[in-house]
Amino acid sequence: MSQLEITNLHVSIDGKEILKGVDLVVKQGEVHAIMGPNGTGKSTLAYTLMGHPSYQVTKGSVLFQGKNILELEVDERARLGIFLAFQYPVAIPGVTVANFLRTALNARRREKNHEDKGMPVPEFRKLLIEKMNLLKMDHAFAGRYLNEGFSGGEKKRAEILQLATLKPEIAILDETDSGLDIDALRVVADGVNALTGPDLGVLVITHYQRLLNYIKPHFVHVMIGGRLVESGGPDLALSLEEHGYDWIKEKEKTEA
Ligand code: ADP
Ligand code: MG
């Protein structure tokens, strides 16, 4: 059983502290949601886990399979079994979705077994078709150049197809406030719902309360001021929908 263990994580941007001690454990098989108002550091957490160079970790650790992943390159994190969705995926002209996925999948297989010669093409094709069917995707998608001319919804689909094919232990998805319409939100939600199970742990970071109408997380956390200030079950998302974040901020003040 793998788990991602974030301990006392402090992160600064340009010398300004944004994350002020985040603690969170995401286990395989669990779906966690982090919600919170704008500007509280949700994307900062996602970018830090993804290894974005602008985010300086000043304290704390993120352990996965006995390694502090903060010391690893992004591709090493991926090969270990952490899926990091890109918020703004780059287009790769000349590389089809299928080729990209096969390369990534084989890199992951080699990580587990250095002798691995890669998945044979027919087997890979079968796998890809199975996953595209699961996600109700047009098969023509596999032959298109990765992200080139993709709509917002198609980029999301490509991301979810990666998730389905690479079968990571932990997936981290940041749905920032911009550019996600309700259809793209549904793509993410349906995809996550189709893929969750005992082998996949998910951390969805979202500004949208309505995403949780579609994804049913086991745990909901609220981030305010760079810390997780409240954690609970799915009913916490309902309280947030009904009462907003102010009651938590008030509670914080009285406890402080
Ligand atoms: P959220 O995702 O919760 O809306 P962010 O993590 O994007 O919040 O931002 C948290 C804070 O960090 C905000 O005050 C934001 O202005 C600041 N911030 C984020 N990215 C940068 C950056 N690249 N340079 C300077 N400040 C940043
Ligand atoms: Mg954000």
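All ligand and atom numbering here is 1-based and tracks the order in the structure.
- Below 3.5 Å of separation, one finds no N or O of I18 facing any N or O of ligand 1.
- For ligand 1 and S43, the ligand atoms under 4.0 Å from any heavy atom of the residue are 1 (P), 2 (O), 6 (O), 7 (O).
- The ring-ring contact (aromatic ring centres under 6.0 Å, His included) analysis of residues 99-136, with sequence neighbours excluded, yields no pairs.
- Contact analysis leaves S54 out of contact with ligand 1, as no non-hydrogen atom separation drops below 4.0 angstrom.
- Ligand-side atoms of ligand 1 in range of Y55: 20 (N), range being under 4.0 angstrom from any heavy atom.
- Distances below 4.0 Å separate heavy atoms of K42 from the following atoms of ligand 1: 1 (P), 2 (O), 3 (O), 4 (O), 6 (O), 8 (O).
- Closest non-hydrogen pair, E241 versus N213, comes out as OE1-OD1, 3.7 Å.
- F83 places none of its side-chain heavy atoms less than 4.5 Å from the side chain of I172.
- Residue contacts with ligand 1: G39 is included, with a non-hydrogen atom under 4.0 Å away.
- Atoms of ligand 1 lying under 4.0 Å from at least one heavy atom of T44, given by number and element, are 5 (P), 6 (O), 9 (O), 10 (C).
- Considering backbone and side-chain atoms together, I13 places no N or O closer than 3.5 Å to any N or O of ligand 1.
- With a heavy-atom cut-off of 4.0 Å, M223 does not touch ligand 1 at all.
- In K126, the NZ atom is not crowded: 12 or fewer heavy atoms of neighbouring residues, nucleotides or ligands sit closer than 6.0 Å.
- Residue pairs satisfying the ring-ring contact (aromatic ring centres under 6.0 Å, His included) criterion with at least one member in residues 220-242, sequence neighbours excluded, are listed as follows: H32-H221.
- The nearest N, O or S atom of S43 is closer to the Mg ion (ligand 2) than 2.8 Å.
- Residue D14 qualifies as open at atom CG: its count of foreign heavy atoms under 6.0 Å is 12 or below.
- The distance from the CG atom of N8 to the CG atom of L19 is 11.0 Å, given to the nearest 0.5 Å.
- Listed by atom number, the atoms of ligand 1 under 4.0 Å from T40 heavy atoms are 1 (P), 3 (O), 8 (O).
- With ligand atoms numbered from 1 in the order given, ligand 1 contributes 4 (O) to contacts under 4.0 Å with heavy atoms of N38.
- Taking a cut-off of under 4.0 Å to the non-hydrogen atoms of K16, the atoms of ligand 1 that pass are 14 (O).
- E154 approaches F141 most closely through the heavy-atom pair O-CZ, 3.5 Å.
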